[in-house]
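This report concerns only the one structure given below.
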2 protein chains.
Amino acid sequence: MSHSQDMLRTNTAFLQFVEQLFEDKQAGNAIQLKSFAAGAYLIRQGSIISQVYIIREGITKCYIAEDNGKDYIFEFLGTGEITGELEAINKGACLSNITALTPVTVFTIPHDRFMALLRSYPEFNELLLKVLAARIYQTCIRTSYQQLYPVEYALLRLLSLEASQQTFFAKKDMAAYLGISVRSFNRTLKELREKNILDKEGLNIDLSKEQLEQMIKRFEDA
Amino acid sequence: MSHSQDMLRTNTAFLQFVEQLFEDKQAGNAIQLKSFAAGAYLIRQGSIISQVYIIREGITKCYIAEDNGKDYIFEFLGTGEITGELEAINKGACLSNITALTPVTVFTIPHDRFMALLRSYPEFNELLLKVLAARIYQTCIRTSYQQLYPVEYALLRLLSLEASQQTFFAKKDMAAYLGISVRSFNRTLKELREKNILDKEGLNIDLSKEQLEQMIKRFEDA
DNA sequence: CTGGGAGTGGGACAAATGTCCCGTTTTATT
DNA sequence: AATAAAACGGGACATTTGTCCCACTCCCAG
């Protein structure tokens, strides 16, 4: 099991399993499909929900909105990712907002049914354990990195992730993912351009110079 | 299930369950006790381990050491908390260092046995799910808070947590928990003293003025 | 008792980041 | 095509945080 860093998380194994359940007349009878337009809320922070959602199609962002008007994006969830599971397990109000960045289709499973499925399908239970473990793992790594390195590093890393996944987000969202202002994001980006990045060797970024150059260019052309 | 913010995490339900397993001749035969002196490593970041640890007694800190020499502390784990479980679930190298802040005693369970226990005891499995969910929950809240508010707020919150738990950590550790330098920690503390804190109403800190004053005093006396 | 090492407290300055603001560009809607 | 709304880019300045450094205390091993 690799722990590759992903900005956009996906999980094909999980999706497959849920697809199968959905097809199954018995097990799938409480599972439903639901669609959201780009920009719509799947979940509102602080609300009470009674289903979990598994993304079948599309991309969502998962973020906390603080009282001071700022947002912090934890992750971008794509195909096969589950959300609302914390609330199913711990019975609390929703931790974060989930909104659709693209048109999104999800499977919904009621909480009690979800918990029952975990009990009856050890394989499903194990998939969930892995999802949770992976999230903790990633969150820890990211948080540490963002707290202890200058923004410049986090930004480079972010660009490389974005490039390697060929997905592109709005600056506002990238800034919120880094926990900084858009202004800082722009400024740092500009500095990277000027410094010509290439000499930045010491970074443990798993992306070729070419790809990185391409990423920076994305912000350069007039 | 409450989501109270804890700096020092504990879990009596989990501990009880493991204690019972330990007593049980059958189930407990692979569970062992192990002790560590204050300052010792239970787990080294990047190493490979083959057991999970459940803390029976004592306090540990769980942190990532970055290449640039800085540490980021995720959590302080106390009685009943498990660690090494991510590695059991995902089979990877250790995410973080775990060191003993006080003398520590743990139960150790080999990975394969641990995974088997999860399968044979649904109750145990559920306890673990709750632990993981709670960690994600807490981590998200904390990260967001620390990224989006000035250090002053995070520090106040931290002091209140510390006071409410009656546990006291070294400044170095508190700074590492906040992801800032000791210098910044001191400076902010000083500013709080000067500002007399009390007028700081807008904070959602669940601690009385008296307690907070007491906390600040702790750093004041000469 | 004593010298070294760790922890503490803070001054001075440098670097990073945020806030406010405004002009431009892009995108969506009518 | 015309216009409004949102996103972009960056200047100027304020604030926050880090780095470097030094002096002081405390504690313990020799």
Side-chain angles (χ1 to χ4, degrees), chain A residues 37-40 61 66-73 99 101-103 143-159 162 168-195 200 215-222, chain B residues 37-39 61 66-73 99 101 144-159 162 168-195 200 215-222:
Chain A
K61 70 173 173 179
E66 295 286 355
D67 293 338
N68 61 7
K70 298 177 180 177
D71 293 344
Y72 185 72
I73 297 180
T99 61
L101 290 181
T102 66
T143 303
S144 172
Y145 198 83
Q146 287 185 1
Q147 292 268 353
L148 302 184
Y149 284 93
V151 171
E152 179 169 323
Y153 288 71
L155 176 53
L156 267 178
R157 167 184 276 212
L158 179 60
L159 290 179
E162 205 189 20
F168 303 109
F169 301 101
K171 288 211 167 169
K172 175 182 58 164
D173 286 339
M174 294 210 276
Y177 186 81
L178 292 173
I180 62 177
S181 66
V182 175
R183 183 69 189 88
S184 297
F185 185 93
N186 275 325
R187 178 165 29 215
T188 309
L189 201 52
K190 193 184 162 206
E191 282 160 12
L192 285 179
R193 276 189 232 123
E194 285 161 2
K195 287 200 219 161
K200 289 257 148 227
M215 280 309 299
I216 305 292
K217 280 223 193 68
R218 203 164 80 71
F219 296 103
E220 273 179 336
D221 34 6
Chain B
K61 72 172 172 179
E66 295 285 355
D67 293 339
N68 62 7
K70 298 179 180 176
D71 293 344
Y72 185 73
I73 298 180
T99 61
L101 290 182
S144 172
Y145 198 83
Q146 288 184 1
Q147 291 267 354
L148 301 186
Y149 284 93
V151 171
E152 179 169 321
Y153 287 72
L155 176 52
L156 268 178
R157 167 183 275 214
L158 179 59
L159 290 179
E162 206 188 19
F168 303 109
F169 302 100
K171 289 211 166 168
K172 174 181 60 165
D173 286 339
M174 295 210 276
Y177 186 80
L178 292 173
I180 61 177
S181 65
V182 175
R183 182 69 190 92
S184 297
F185 185 92
N186 276 325
R187 179 166 27 216
T188 309
L189 201 52
K190 192 184 163 207
E191 282 160 9
L192 285 180
R193 277 189 231 122
E194 284 161 4
K195 286 201 219 159
K200 289 257 148 227
M215 280 310 299
I216 306 291
K217 279 220 194 68
R218 202 162 82 70
F219 295 103
E220 274 180 338
D221 33 6

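Excluded from the calculations below are hydrogen atoms, water molecules and symmetry mates; all remaining heavy atoms, backbone and side chain alike, are included. Throughout, a chain's letter reflects where its sequence line sits, starting with A, and its residues are numbered from 1.
- For A:R187 and D:dG11, a side-chain-to-base donor-acceptor distance below 3.5 Å is absent, hydrogens and geometry of angles not being considered.
- Between the C1' atom of C:dG9 and the CZ atom of B:F185 lies a distance of 12 Å, rounded to the nearest Å.
- The nearest whole Å value for the distance from the OH atom in A:Y149 to the P atom in C:dT17 is 14 Å.
- The heavy-atom pair separating A:E152 from A:L192 by the smallest distance is CG-CD2, 3.7 Å.
- The listed nucleotides are D:dG10, D:dT17, D:dA7; the one nearest the side chain of A:R193 is D:dG10.
- Counting heavy atoms from C-beta outward, B:Q146 and A:T143 have side chains that stay 4.5 Å or more apart.
- One can place CG of B:N68 at 14 Å from P of C:dA16, the figure rounded to the nearest angstrom.
- A straight line from CG of B:L148 to P of C:dT19 spans 10 Å, rounded to a whole angstrom.
- Heavy atoms only, all atoms of each residue included: A:L101 and A:D173 are closest at CD2-OD2, 3.8 Å.
- Summary of the strand contacts: A:Q147 and A:K172 both lie near DNA chain D, and taking for each the nucleotide with the nearest heavy atom, the more 5' one is attributed to A:K172.
- When the P atom of D:dG18 is taken as reference, atom OH of B:Y72 falls 13 Å away, rounded to whole Å.
- Comparing D:dT19, D:dT17, D:dG9 by their nearest atom to the side chain of B:K70 picks out D:dT19.
- Atom CD of B:E152 is separated from atom C1' of C:dG18 by 16 Å (rounded to the nearest Å).
- Within the nucleic acid shown, A:V182 has no heavy atom closer than 4.0 Å to any nucleic acid atom.
- Rounding to whole angstrom units, CZ of residue A:F168 and P of C:dT26 are separated by 18 Å.
- Rounding to the nearest 0.5 Å places CG of B:L156 at 13.0 Å from OH of B:Y149.
- For D:dG9, the OP1/OP2 oxygens have a side-chain nitrogen or oxygen of A:N186 closer than 4.0 Å.
- Taking each heavy atom of A:L178 and A:Y72 in turn, the nearest pair found is C-CE1, 4.5 Å.
- In terms of position along DNA chain C, the nucleotide closest to B:K190 lies nearer the 5' end than the nucleotide closest to the other residue of the pair A:G179 and B:K190.
- Distance, B:R183 CZ to D:dC20 C1': 11 Å, rounded to whole Å.
- Distances were taken from every side-chain heavy atom of B:K171 (C-beta onward) to each of C:dA12, C:dG9, C:dG7; the shortest belongs to C:dG9.
- In this model, the phosphate group of D:dT17 is not approached by any side-chain N or O of B:S184 to a distance below 4.0 Å at OP1 or OP2.
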